[in-house]
Visitor: 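Before I ask anything, let me first share the structure, which is written out below as structure tokens.
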Amino acid sequence: MTDSVQPIIVGRGAEPSAAGDPLLDGLNAPQAEAVTYRGPALLIVAGAGSGKTRVLTHRIASLLRSREAWPSQILAITFTNKAAAEMRERVGHIVGDVAKGMWISTFHSACVRILRREAQQFGFTSSFTIYDSGDSRALLKRLVKEHEADAYGLTPAAVQSRISKLKNELEDADSFVRSANMNDPVERKFADVFRDYQRSLQKANAFDFDDLIGQTVYLFRAFPHVADVYRRRFRHILVDEYQDTNHAQYSLIRELTKPVVGGAAEPYAAGGMMIFEADQAPELEGASLTVVGDSDQSIYAFRGADIRNISEFEHDYPGAKVVLLEQNYRSTQNILGAANAVIRNNFDRKDKKLWTDSGDGEKIVGFTGYSQHDEAQFVADEIETLRRSGMPYSEMAVFYRTNSQSRALEEIFIRSALPYKIMGGTKFYDRAEIKDALAYLVAVVNPADDQSVRRILNKPKRGIGDVSETTIATYAAEHNISFRDALANSESLGFGPKIQNAIAQLDAVLTEAANIMVPPSGEVPPPTAVADGLQVLLQKSGYLDALRMSKDPQDEARVENLDELVAVTREFARNNPEGTLSDFLTEVALVSDADDLDDESGVVSLMTMHTAKGLEFDAVFVTGVEEDLIPHRISAGEPGGPQEERRLFYVGVTRARKRLFLTLAMTRAQFGEVSVAMPSRFLQEIPAELIDWRQSPGDVNSRGGTQSRALNARRPSGGFGVQPLAPGRSGGFGPKTTSLEKFPNRIPSKVRDNGDLELAPGDRIRHDDFGEGRVDLVTGEGAKRIAHVRFDAVGAKKLLIKIAPIEKL
DNA sequence: AAACAGGCTGTTTTT
DNA sequence: CAGCCTGTTT
């Protein structure tokens, strides 16, 4: 991912892969073989940092350049949309515009594309909606209640996860009933809910995430002539991160790589290009398959990834060629040594020896903070040091196991005026107001989706409560029409004038927006239709007005978020002039955390280790390296859990090119409680000589050790031995100076506001944590004014003046 | 129908 | 410490 890509002229002369071939330039022998090998099946076992993206892109370019394949005959599957975009760009660099005809996408996007085209084959329309996990859970919540399944101990979350697991195995309610113990009333109940759930999805013209894959497989199996269309089309299939495929995805690939056995089919026109074998034989051999993966980086077993897909590849595809990429081009030997030492403890793996010739590099830095804030302060300080030594913020990343860990980091980063970006967490599209707005859009494009219509029924408040909603639902059921259509008959619903009027207005707004975005006349709406329609919906429904009138300060931010959403639709229109409302909603449903990554240079990235997969940075901070966090407590009881956690840690460590920092905290506050944390077992697995401990767990335990950085100037000296079992004595002792309660250096959750505090170079200030210091410089404007302060005790810091806990002296 | 108060609970990773 | 659900009040 770091190698520079040079444009290469394609199709000039027909020289085969001769020496000096620019596509093979700078590749080592196994890499070159992975690019040039031709055969039905190829497995590239690619260790971390071994240049697999480069190999994949060059392999595709090589197929195109030699005219072995038209762009339209190539299907490349990646793990995230971001990876897909990157691959498309890099192939484009090499071969030019022809890259546009290729399908380079995620499993989910590829399946949506197929399903939109073929939906009407099996009872859906092409404007089907995609239910994300939140939508599914909402539906299941309703169904669990209706079936009174909670009385059997079935929660919506449990049902959802079980259904997902079954769907990953391509099971449906019927096959479940056949194999499960139907004497167990709980199992029967579950089966009922499952069946009803599936029926509801079908009725709503919707697929959940798992269905996107599973139903495509079903489609191919039930309608072989449809499958043949895609088998004829895709002659070269490449799958990245193959170790993280689940059974459904595996089956999809199997279906696509089957030979075409059917009789003389009509030649399939792809992008105006005919497939040339069509006239040769009635039979067409299966597409060639290339998969890339590394079983040491399999971290998605929890969502059905089956490591056997890759470990048994040679068995599934007899005669498959296997190429091993073991040379690492990314990390220093010290980093690699630590990674190898850790992963070696997974007993059931094939030994792989990653090596590099790039030298030892700097030692890994370890740090143990007293608290998570202390730890965060260390990270912030080190980031500043790296920055001053010339490393751009965009080349640094901070990883953690769970999303909730990001908060402490974020608080310190804000205080330190460090530019950062959090990937994932509460996603933009998960916010309530955004989901409401999207529900309005779905209600327009897919009126069969009752759930979306119900969601917006009383948003903003229209005085339509539970009772009225049920009345409408009953009416719809009696007349066998959708909830949306029931709204159109507001006068026959038997409501009073107030409610009837509210319903009529909602109906009118939806109809007006529909005329803009999906004109019934069938004419093609202008590119701005989605943005225009969304604005009509938000304004005329009164949604925006309600937020503006509200006195809840958060509602101001919600208005801004909605403005942002409108901006997103505009952006979408610019990038996809032909894009329909349906296309927009698809894109929104399938964007992931890793996708909106950087491009904003000069920003530190914060993300979970899962999100970090496939990325790399000059400097990486792996934080919270503690027992019960990594490995996570919950994984301890799961079969294979600790091993998967080790792989996850391995993934985190191997993202680093030059500098690796491993940090932990002695105490961690979670759910309001402070608990003592133990160093992770993975730390023990790293040879001691590779780590330079700035502050080791031992230092922190011994009394009188270094003081907590975030508390530096405040705490009176004295021991603060950690007392996990603080005695609950109610004696008349003085203030509990050593107790943990006093310890967690909480950041006040109220946002501090220093207003227009004026600071100029030379001013003396006092900071709650850092003590006194002198202002060197003030930069930035307005709310973003930053003071560069030299503290007497702790040296130079940058502070966001508006919110830093400081006062002028 | 809506707003509010209080109690409970769960508490990982994500296309 | 949330966020969610339930029950109560207006």
Side-chain angles (χ1 to χ4, degrees), chain A residues 77-84 105-112 130-134 136-138 141 145 150 155-158 160-161 164 167-168 207-214 241 244-246 248-249 298-305 399-405 407-408 423-427 429-430 432 457-458 460-469 496 498-499 502 546 550 552 586 589-595 607-613 624 628-638 641 644-645 647-649 651-652 668-675 744 746 749:
Chain A
I77 304 281
T78 60
F79 202 66
T80 62
N81 292 301
K82 154 115 174 125
S105 66
T106 62
F107 272 107
H108 295 268
S109 309
C111 287
V112 169
I130 302 167
Y131 276 20
D132 67 18
S133 13
S136 303
R137 194 157 52 251
K141 211 158 156 189
K145 192 172 263 174
D150 42 344
T155 65
Q160 182 180 32
S161 117
S164 175
K167 285 186 175 181
N168 287 160
F207 296 101
D208 66 19
F209 272 145
D210 301 313
D211 278 346
L212 293 178
I213 316 288
E241 308 283 12
D244 280 323
T245 51
N246 60 36
Q249 294 164 332
S298 161
I299 55 174
Y300 284 102
F302 72 90
R303 71 170 206 226
F399 301 160
Y400 35 81
R401 175 64 231 271
T402 68
N403 281 306
S404 61
Q405 288 169 252
R407 188 157 298 179
M423 327 318 301
T426 343
K427 285 178 283 181
Y429 293 106
D430 278 346
L457 182 62
N458 200 30
K461 307 255 184 294
R462 299 184 171 91
I464 309 175
D466 265 1
V467 181
S468 310
E469 183 181 333
K498 211 167 138 209
I499 292 184
S550 155
D552 182 343
T586 300
L590 297 181
V591 290
S592 76
D593 298 342
D595 292 339
M607 68 190 85
T608 66
M609 286 185 238
H610 282 91
T611 306
K613 181 159 95 152
D628 291 349
L629 220 41
I630 174 86
H632 197 276
R633 175 187 312 140
I634 293 177
S635 73
E638 292 168 359
E644 174 144 322
E645 297 285 308
R647 290 194 292 270
L648 183 57
F649 184 70
V651 166
R668 193 160 291 272
Q670 41 187 358
F671 321 125
E673 296 277 282
V674 179
S675 54
R746 303 188 118 138
S749 53

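Lettering of chains follows the sequences in order, A, B, ..., and the numbering in each one begins at 1.
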Visitor: Is there a side-chain contact between A:Ser404 and the phosphate of B:dT12, meaning an N or O under 4.0 Å from OP1 or OP2?
Guide: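 So the side chain of A:Ser404 is outside the cut-off, no N or O lying under 4.0 Å from OP1 or OP2 of B:dT12.
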Visitor: Let me know, please, whether A:Arg633 or A:Phe107 comes out on the 5' side of the other along DNA chain B by nearest nucleotide.
Guide: A:Arg633
Visitor: Could you pull out the closest heavy-atom pair between A:Leu648 and A:Arg401, with the gap in Å?
Guide: CD2-NE, 3.4 Å
Visitor: Taking the side chain as C-beta and beyond, is there a heavy-atom pair between A:Arg303 and A:Asn246 under 4.5 Å?
Guide: no
Visitor: To the nearest Å, how far apart are A:His108 NE2 and B:dT14 C1'?
Guide: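 From A:His108 NE2 to B:dT14 C1': 9 Å.
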Visitor: Nearest-Å distance, CZ (A:Phe399) to P (B:dT14)?
Guide: 13 Å
Visitor: Which of the following nucleotides, B:dT14, B:dA3, B:dT15, is nearest to the side chain of A:Lys461?
Guide: B:dA3
Visitor: Name the closest nucleotide to the A:Ser468 side chain, picking from B:dT13, C:dA2, B:dA1.
Guide: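 The closest nucleotide is B:dA1.
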Visitor: Using a cut-off of 4.0 Å on non-hydrogen atoms, how would the nucleic acid contact of A:Asp210 be classed: base, sugar-phosphate, or nothing?
Guide: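 The answer is nothing, as A:Asp210 stays clear of every strand by at least 4.0 Å.
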Visitor: Mapping A:Arg401 and A:Arg462 onto DNA chain B by nearest heavy atom, which one lands closer to the 5' end?
Guide: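 Nearest nucleotide further toward 5': that of A:Arg462.
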Visitor: Quick one: which of C:dA2, B:dA1, C:dC5 gets closest to the side chain of A:Val467?
Guide: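 The listed nucleotide nearest to A:Val467's side chain is B:dA1.
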Visitor: Under 5.5 Å centre to centre and under 30° between planes: does that hold for A:Phe302 and the six-membered base ring of B:dT12?
Guide: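 A stacking contact does not exist, since A:Phe302 is not both close and nearly parallel to the base ring of B:dT12.
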Visitor: Side chain of A:Lys141 only, please: which of B:dT13, C:dC5, B:dT15 is the nearest?
Guide: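 Of B:dT13, C:dC5, B:dT15, C:dC5 is nearest to the side chain of A:Lys141.
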Visitor: Could you state the atom-to-atom distance from CG of A:Asn168 to C1' of B:dT15 in whole Å?
Guide: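 Those two atoms, CG and C1', are 10 Å apart.
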Visitor: I want to check one thing: is the phosphate of B:dA2, taken as OP1 and OP2, less than 4.0 Å away from some side-chain N or O of A:Asn458?
Guide: yes
Visitor: Look at the aromatic rings of A:Tyr300 and A:Phe79 and report parallel, tilted or perpendicular, splitting at 30° and 60°.
Guide: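 A:Tyr300 vs A:Phe79 ring planes: tilted.
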Visitor: Can you tell me the distance, in whole Å, between the CD1 atom of A:Ile499 and the P atom of B:dA1?
Guide: 6 Å
Visitor: Does B:dT12 have OP1 or OP2 under 4.0 Å away from a side-chain N or O of A:Thr608?
Guide: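 Checking A:Thr608 against B:dT12: no side-chain N or O falls below 4.0 Å of OP1 or OP2.
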Visitor: Expressed in angstrom and rounded to an integer, what is the separation of A:Met423 atom CE from B:dT15 atom P?
Guide: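 A:Met423 atom CE is separated from B:dT15 atom P by 12 Å.
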Visitor: To the side chain of A:Arg303, which of B:dT15, B:dT13, B:dA2 is closest?
Guide: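 When the side chain of A:Arg303 is considered, B:dT15 is the closest of B:dT15, B:dT13, B:dA2.
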Visitor: Partner lookup for B:dA3, please. Criteria are Watson-Crick or G-U wobble with both distances under 3.5 angstrom; report none if nothing qualifies.
Guide: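 Pairing partner: C:dT8.
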Visitor: Is the shortest side-chain N/O distance from A:Asn403 to OP1 or OP2 of B:dT14 below 4.0 Å?
Guide: yes
Visitor: Would you find a donor on one side and an acceptor on the other, under 3.5 Å apart, between the side chain of A:Asp244 and the backbone of A:Ala305?
Guide: no
Visitor: Round to the nearest Å and state the distance from A:Arg137 atom CZ to C:dC5 atom P.
Guide: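 Rounded to whole Å, this separation is 10 Å.
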Visitor: Name the nucleic acid region contacted by A:Tyr300, choosing base, sugar-phosphate or nothing; use a 4.0 angstrom heavy-atom cut-off, strictly under.
Guide: sugar-phosphate
Visitor: Would you say the ring centers of A:His610 and A:Phe302 fall short of 6.0 Å from each other?
Guide: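 Judged by ring-centre distance (under 6.0 Å), A:His610 and A:Phe302 do meet the cut-off.
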Visitor: Scan A:Arg407 against the nucleic acid and name what it touches under 4.0 Å (heavy atoms): base, sugar-phosphate only, or nothing.
Guide: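 If one applies the 4.0 Å heavy-atom cut-off, A:Arg407 turns out to touch the sugar-phosphate alone, with no base involved.
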Visitor: May I have the distance from A:Phe649 (atom CZ) to B:dT13 (atom P), rounded to whole angstrom?
Guide: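 It is 18 Å, rounded to the nearest whole Å.
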Visitor: Rounded to whole angstroms, how far apart are CG on A:Leu629 and P on B:dT13?
Guide: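 To the nearest whole Å, that distance equals 10 Å.
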Visitor: Is there a side-chain contact between A:Val651 and A:Met609, using heavy atoms and a 4.5 Å cut-off?
Guide: no
